[in-house]
Amino acid sequence: MLETTTKCEQCHNASCIIRINALGEEMKAFLATKHNIQCKRGQQFILEGAPVHGLYFVYKGKAKVVKTGFQGKEQIVRLAKDGEIIGHRGFGSREAYQISAVALEDSTLCYFKNDALKQMLLSFPKLTYDFMLFYAEELNLSENKVRKFAQMTVREKVIDSILYMYRKFGQDGDILNIQLSRKELADLAGTTDEQVTRTITSLKNENLIRTQGKQLGVVNIELLRREVLEHNFFLNS
DNA sequence: GCATTAATTGGTC
DNA sequence: GACCAATTAATGC
């Protein structure tokens, strides 16, 4: 395995919670306990039900966080890009992970073991505070997600998912910087791959998005936004 | 090039 | 709007 040991002090992920707090000498000993893991595309690095052993960060790459339902039905809880935390729900408890995590492309991960992280959190209030803010935001997002699944139509859910990918990963030229299969998009939107295919065909015919092979691209961001915004407005009122 | 998997399309409930 | 089936496209080996 490639032991590329990344230095937090020089990390390109300016928004990483560890990176933000990586200043100062006292932190160095803790940062030295970090491990780097190389993950191939499709490789699973957190298994739902397995005992919690630590916390991951995406150093470089993309990953999906998945919850498995009854008949092998999967729900993509979120997508993660450079600098983002994965596995934080399990932290603190001695229980099992409630989610699985799979690399969507060849990725490099940072990994802290439970004990090391615990010591860090006890030692650095600013770090702990930033973690708390992060947890609060996560809770907010998942509450919104509940609403989405309960009340949006399939078309709206697919649009919302495409906008989510657009927000998070951006778009070079006219193609999104992330590629999901129809099945994965369905798992993200909370529908079936057939419905996703049909919705994509419609959106393409309406010139709201475009496709290039399996790649997706946003053409008319304003109209797409409007469709889900109207919905949100309705829900908020 | 062949075999497997993914995407699309049409139909039923 | 989910599930199933048939066809076609894409991908891996």
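When reading the values below, keep in mind they use all heavy atoms of this one structure, side chains included, and skip hydrogens, waters and symmetry mates. Every value quoted in this text rests on a predicted model; they were computed, and no experiment measured them. Every chain is numbered from 1 and lettered A, B, ... according to where its sequence line falls, protein lines coming before strand lines.
- Put simply, CE on M152(A) is 12 Å from P on dG1(C), counting in whole angstrom units.
- Sequence order on DNA chain C of the closest nucleotides to R41(A) and G190(A) puts G190(A) first from the 5' end.
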Worksheet entry | Nucleic acid footprint by protein, nucleotides 5-13 of chain B - heavy-atom cut-off 4.0 Å, B for base, S for sugar-phosphate alone | -SSSBBB--

Identify every side-chain donor-acceptor pair in residues 9-16 of chain A under 3.5 Å, counting partners at least two apart or on other chains, and give the distances.
unit_1 : atom_1 : unit_2 : atom_2 : d
H12(A) : NE2    : Y59(A) : O      : 3.2
H12(A) : NE2    : D82(A) : OD2    : 3.3
N13(A) : ND2    : Y59(A) : O      : 2.9

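- With sequence neighbours left out, Y111(A) forms a ring pair (Phe, Tyr, Trp, His ring centres under 6.0 Å) with H53(A), Y56(A).
- M132(A) belongs to a hydrophobic cluster whose remaining members, ordered by chain and number, are Y129(A), L133(A); membership requires side-chain heavy atoms of ILVMFWY residues under 4.5 Å apart, directly or through intermediates.
- Partners of F134(A) by ring pair (Phe, Tyr, Trp, His ring centres under 6.0 Å), not counting sequence neighbours, listed by chain and number: H88(A).
- Among the heavy atoms of the strands, none lies under 4.0 Å from K157(A).
- Applying the ring pair (Phe, Tyr, Trp, His ring centres under 6.0 Å) rule to F169(A) yields no partners; only residues at least two apart in sequence or on another chain are considered.
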